Amino acid sequence: MSLPWYHTTTIYQIYPRSFYDSNGDGIGDLPGILQKLDYLHELGFETLWLSPFFASPQKDFGYDISDYLSIAPEYGTLDDAFCLIEETHRRGMRIVFDMVMNHTSDQHPWFLESRTSRHNPKADWYLWRDQPNNWHSLTGGSGWRYAPERDQYYWASFLPFQPDLNYRNPDVKRAMLEIVRFWLSRGVDGFRLDIFNVIYKDAEFRNNPLKFQLIPSVDNPSGFFQEARYNLNLPESFLLAKELRQVCDEFGPKLTLGEVSGKREIIRKYLGETENDGLTLVFDFAMLNFRFQADYFRRLIADLEAAYPAPFMPVYVFSNHDRRRSMTRLKGDARKARLLVTLQLTVRGVPCMYYGEEIGMTDLPLPFHSALDPLPHKYRFVPRFVFDLLGLTINRDDVRTPMQWDASPNAGFSSAPHTWLPVHPNYRTVNVAAQQADPGSLLNTVRAILALRRAHASLREGTLQLLDGLPAQVLGYTRQVSEERLAILLNFGEQTCAFPFSTGQVLFRLTPEDNLEAGAARLAGLGGLIVHFGS
Ligand code: GLC
Ligand code: CA
């Protein structure tokens, strides 16, 4: 059996602005990523996903693009981008870019032209209406914005400076797919697709039905008292997934990872019904709100196995540039983080890790009023603790602080007097250099398990079976491909526990006390084992 590479790979997300600053201006850049490629290669991730670094006014730090074919000067040049693709490939790794197809910046020449009048060549490239309907944006409140030049309103799914393109206009779709082709022809291995599920809106702009739901949820991400029936997960978006897949297929097997949200049985449709002929992967964001309990993960795994059976593949993600970091959720407990990554890297799925997650970086709570992220300004009158209680990250600056490389000033991220966001003060202890030197560190755990994953086909391609009859605090499962079978046992409890288990060869233990002997497994609190059976 051999699965396509995009179903067996491991993904590391880089937020370019915060990864490594090569020229001392306080902002991470593409040459900086280039300088850290060996770090990533040695760590063992196979695919890098870069958040956007294209020309942009940077009001939403690159998720507002003004030219898809050039690079924002603070990040480098087109040649830097080409060089990064080449150097990633030279190390046997892959690189995927972030495609923001849904919207452009309001400074993109297409929009500047579109807004000038009702009759210009780009007049229909965006969604213009004489009157707003009742739809809410993903950030809350009406997503319609008035433009006096046309005496009309345009639609923006996210923030007002990010107008949505009109994909019912074939010229728009063609132009965007040409951009996709441009990057594919330059060797990019695929794309993460920004808010792919809002790309199509109801052709008649029917009002959304009202629904009693104040807080946005994964199922209904716009929340705020309405069901996003007519501006989310339209059948046309599922079709676009297939069209995009065909464009990618012109260039060989490429990874497409959709940022989508909605009910699981709906977001699955982006992959295709019976065959995987749509996007190759989708995020399933419910797990970003995980609870650290064996039961929670037993159910999550069972649900994802049911929702993404072969030829589909789930994605396991616990942090990203929009949401609370996993280590913050774990209250800084490195033992828990080591257990969680062991799970993430050994279940049946593509793991996706966010820069700094491998060393357990935590959120830095920064004030709303001075936020660089535009989102908190929308909510500056609501006290921060309200969002904390609801578990919502509003100031995304908190999770985008510079990568903590070592204990030198600015955590070794930059030689500038000021970095674009402050460095988390815990960098003196939480950093790459310190963890490289510590065999039991989170970083070395990630490295060791990634190496196991490369060495054992069952971890990459095998089926997964949850194990029954274990103590309640222990989560166990096997991975199997032909003769090779691995068992993974994880003790989510703080107490040591022992139970009968067939003897095999121990490949990895989370703590020195974890052991398998004479037909019994013994796991320390928050301990775990990876056991090998068969050839
Ligand atoms: C996605 C991105 C987020 C961005 C938004 C608008 O949710 O992950 O960072 O602000 O889309 O593009
Ligand atoms: Ca720089």
Side-chain angles (χ1 to χ4, degrees), residues 13-36 49-54 56-66 68 71-77 80 97-106 108 137-140 143 155-165 191-199 216 218 221-222 232 257-262 282-283 285 288 317 319-324 352 354 371-378 392-400 402-403 410 412-421:
Q13 179 191 356
I14 294 177
Y15 196 72
R17 209 172 181 84
S18 297
F19 200 58
Y20 186 64
D21 172 18
S22 70
N23 62 350
D25 63 357
I27 297 175
D29 44 56
L30 298 185
I33 298 172
L34 196 65
Q35 289 182 37
K36 295 296 183 183
W49 149 34
L50 271 57
S51 279
F53 46 81
F54 307 104
S56 159
Q58 306 292 349
K59 282 198 189 171
D60 190 15
F61 296 105
Y63 285 95
D64 50 330
I65 296 172
S66 54
Y68 292 78
I71 310 300
E74 63 260 59
Y75 296 141
T77 62
D80 291 328
F97 287 1
D98 209 316
M99 266 306 292
V100 187
M101 295 175 68
N102 175 69
H103 52 270
T104 66
S105 157
D106 62 358
H108 193 294
S137 76
L138 292 168
T139 60
W155 172 252
S157 289
F158 204 72
L159 287 165
F161 56 83
Q162 292 161 310
D164 282 30
L165 286 159
F191 305 97
R192 177 263 191 189
L193 300 155
D194 193 64
I195 50 175
F196 194 80
N197 58 337
V198 298
I199 290 190
V218 174
S222 31
L232 189 81
L257 169 52
E259 187 202 17
V260 295
S261 57
V282 288
F283 283 121
F285 279 157
L288 283 168
V317 61
S319 302
N320 65 30
H321 63 293
D322 295 326
R323 304 284 287 268
R324 190 171 289 191
C352 183
Y354 182 48
L372 299 180
D373 180 14
L375 205 47
H377 294 284
K378 205 167 162 167
L392 296 174
T393 299
I394 296 293
N395 189 357
R396 297 172 299 172
D397 291 352
D398 298 5
V399 304
R400 298 172 177 177
M403 177 67 176
N410 291 336
F413 160 72
S414 167
S415 60
H418 297 287
T419 54
W420 82 280
L421 279 177

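All ligand and atom numbering here is 1-based and tracks the order in the structure. Values reported hereafter were calculated over all heavy atoms of this structure, with side chains retained and with hydrogens, waters and symmetry mates removed. Keep in mind that what you see is a predicted model, and the values were worked out from it rather than measured. Position 1 is the first residue of the sequence; numbering continues from there.
- Counting only distance, with no hydrogens or angles, the side chain of Asp80 and the backbone of Pro31 share no donor-acceptor pair below 3.5 Å.
- Around the Ca ion (ligand 2), the protein N, O or S atoms found under 3.0 Å comprise Asp21 OD1, Asn23 OD1, Asp25 OD1, Ile27 O, Asp29 OD2.
- By the 30° and 60° cut-offs, the orientation of the rings of His108 relative to Tyr68 is tilted.
- Within 4.0 Å of ligand 1, contacts by protein heavy atoms are made from Asp60, Tyr63, His103, Phe158, Gln162, Arg192, Asp194, Ile195, Glu259, His321, Asp322, Arg396, Arg400.
- A parallel orientation is assigned to the rings of His321 and Tyr63, their planes being inclined by less than 30° (bins at 30° and 60°).
- Of the inter-residue distances, the one linking Phe97 atom CZ with Trp49 atom CH2 reads 14.0 Å to the nearest 0.5 angstrom.
- Salt-bridge annotation for Arg396 and Asp60: present, with a side-chain N of the basic residue lying under 4.0 Å from a carboxylate O of the acidic one.
- Under 4.0 Å is where a charged nitrogen must lie from a carboxylate oxygen, and between Lys378 and Asp373 no such pair does.
- Ring geometry for Trp420 versus Phe61: interplanar angle of 30 to 60°, hence tilted.
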Kindly indicate, with the supporting measurements, whether the criterion side-chain hydrogen bond (donor to acceptor under 3.5 Å, both in side chains) is fulfilled by Asp29 and Ser22.
CA-CA 7 Å; Asp29 44 56; Ser22 70; 2.9 Å; yes
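- Here Asp194 pairs with Arg192 in a salt bridge; the nearest charged N to carboxylate O distance falls below 4.0 Å.
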